[in-house]
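I have placed the structure first, in the form of structure tokens, so that the comments after it can refer back to it.
Values below: all heavy atoms of this structure, side chains included; hydrogens, waters and symmetry mates excluded. Lettering follows sequence order; numbering is per chain, from 1.
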Number of protein chains: 2
Amino acid sequence: MNDELFNLIERLANLLRQETRLEGLSLGLQPIQQEALYYLSTCNRYSDTTLAVTEFLGLTKGTVSQSLKVLENKSLIIRQKDEKDKRITHLKVTNSGQAFLAKTCPPQKFSSAVKNLSTHEQDETKDLLYKLLNNYQEVTGRTAFGVCKNCKFNQNTPEGIRCGLTFETLSLDDVKLICKEYST
Amino acid sequence: MNDELFNLIERLANLLRQETRLEGLSLGLQPIQQEALYYLSTCNRYSDTTLAVTEFLGLTKGTVSQSLKVLENKSLIIRQKDEKDKRITHLKVTNSGQAFLAKTCPPQKFSSAVKNLSTHEQDETKDLLYKLLNNYQEVTGRTAFGVCKNCKFNQNTPEGIRCGLTFETLSLDDVKLICKEYST
DNA sequence: TCAAATATGTTTTGACTCGATACTATTAAA
DNA sequence: TTTAATAGTATCGAGTCAAAACATATTTGA
């Protein structure tokens, strides 16, 4: 059974990677670079660093550093030094980066395939994969990476939404993003 | 929605790849080489060629040829010339190849994660991913790769099970394997 | 019948990925 | 104030990958 699930996920991932390779051809972007760019477009301001990308992709920081350099050279991201901690550099997706992602991510044929499932099936698949991923992340002991508003540190106070870790106020857009400190 | 599904599959695949990398360390096997070996252990005698592996992994035949050379050098597979068509070479997994796969494929932590789902959830996930993969393969126009016994060419005659394409008799083990001619 | 087209597969080349290691700079801790 | 930890970059070598050229074997078709 886990055999079959393993096989299915591998094959879906192979197809995705293949389509991603084609979509990235126009800008000369490799699959892994597109994944990094996509992640940066979905994460919040606590999670837009080289190290966060490293944990998310499951690679080493040296490797990721190189991929990010490519994205910067192509003006798809820009670097912003952190105000308080000068070791940290924030990575922000530029407008042309957003434009590229809007066209290519998720790949068109994948979206078509998803649309051929019923709405109920789509929801069901999402829930189940989410459970599986959570289990897997727990077993491997990795950073969970979840959506801010579902996090146990997320506090809805009379003065607005707040993060219980940083004590900063969060906007309605903020809480939709992915955070590396996510915990349940 | 397809955004979320895309993201989930990518992340599961990243974790799998990472674990695969670790598991392959003992034999010096790269993730893609392990995937090829795993495929060869699950496919039938019509689908154990360089070209079939190429289609399955979605790479080019030159690339795959190199990965297979590594597997052969490590005595995890052997080559068998086809009797009828001398262009074709069949790739068979050796005993040590099978032993390696039994230990590492699917990765242990992934299996643990799957076991934390209920039996019903596991079945449900499998069915949904199977549907999604089928849709995706259809949209991309790729070879489907399905299990022999579910194929429209599979014929259950009084003289035994037969393939309607090759007209060869199939054993009970044969029909459990993956075939590149699979069609519904 | 026999040349042209097609199919299976290998080899080579160059761009890129990746982990490992060593390195710099900044911050935290003892 | 040393010492350790954190964030990140640079370099190296092994390996992936697509593309192209190549070698054989089979099929097609005039």
* Is any side-chain N or O of A:Ser65 under 3.5 Å from a base N or O of D:dG8, one able to act as donor and the other as acceptor? -> no
* To do: Measure from the side-chain heavy atoms of B:Gln66 and tell me the nearest of D:dT26, D:dC17, C:dT10.
  => D:dC17
* State the OG1-CG distance between A:Thr125 and A:Leu117, to the nearest 0.5 angstrom. => 5.5 Å
* Just checking B:Gln18: base, sugar-phosphate only, or nothing, at a heavy-atom cut-off of under 4.0 Å? -> nothing
* To do: Verify the contact: side-chain N or O of B:Arg79 to OP1 or OP2 of C:dT8, cut-off strictly under 4.0 Å; return yes or no.
  => no
* To do: Would you indicate what A:Lys84 reaches in the nucleic acid, counting non-hydrogen atoms under 4.0 angstrom: base, sugar-phosphate, or nothing?
  => sugar-phosphate
* To do: Would you mind reading off the distance between A:Asn14 atom CG and D:dA18 atom P, rounded to a whole angstrom?
  => 11 Å
* Asked: Could B:Glu35 and B:Arg17 be called an ion pair, given the rule that one side-chain N must be under 4.0 Å from one carboxylate O?
  -> yes
* Asked: Looking at C:dC18, D:dC17, C:dG9, which one has an atom nearest to any side-chain atom of A:Arg21?
  -> D:dC17
* To do: Would you classify A:Lys61 as touching base, sugar-phosphate or nothing, given that sugar-phosphate means primed atoms plus P, OP1 and OP2, and contacts are heavy atoms under 4.0 Å?
  => base
* B:Arg162 bridged to B:Glu168 by N-O distance under 4.0 Å -> no
* Structure fact -> Rounded to whole Å, the CG-P distance (B:Leu68 to D:dC17) equals 12 Å
* Gap between atoms NZ and P, on A:Lys69 and C:dT17 respectively (whole Å) -> 11 Å
* Structure fact -> Residue pairs passing the ring-ring contact (aromatic ring centres under 6.0 Å, His included) test with at least one member in residues 82-109 of chain B, sequence neighbours excluded, are none
* Asked: Hey, is the side chain of A:Thr89 poking within less than 4.0 Å of OP1 or OP2 on D:dA7, counting only N and O atoms?
  -> no
* Roughly how many Å is it from CG in B:Leu22 to P in C:dG19, rounded to a whole number? -> 9 Å
* 5'-most by nearest nucleotide on DNA chain C - A:Arg87 or A:Thr60 -> A:Thr60
* **Proximity to the side chain of B:Leu59 - top-ranked nucleotide from D:dA7, C:dC16, D:dC17** => D:dC17
* Record whether the side chain of B:Thr63 comes under 3.5 Å of the base of D:dA18 through a donor-acceptor pair of N or O atoms. => yes
* Asked: Between A:Gln33 and C:dT17, does any side-chain N or O lie under 4.0 Å from OP1 or OP2?
  -> yes
* Expressed in angstrom and rounded to an integer, what is the separation of B:Asp82 atom CG from C:dT8 atom P? -> 11 Å
* Asked: Mapping A:Gln30 and A:Gly58 onto DNA chain C by nearest heavy atom, which one lands closer to the 5' end?
  -> A:Gln30
* Asked: Is B:Glu55 salt-bridged to B:Lys180, going by a charged N under 4.0 Å from an acidic O?
  -> no
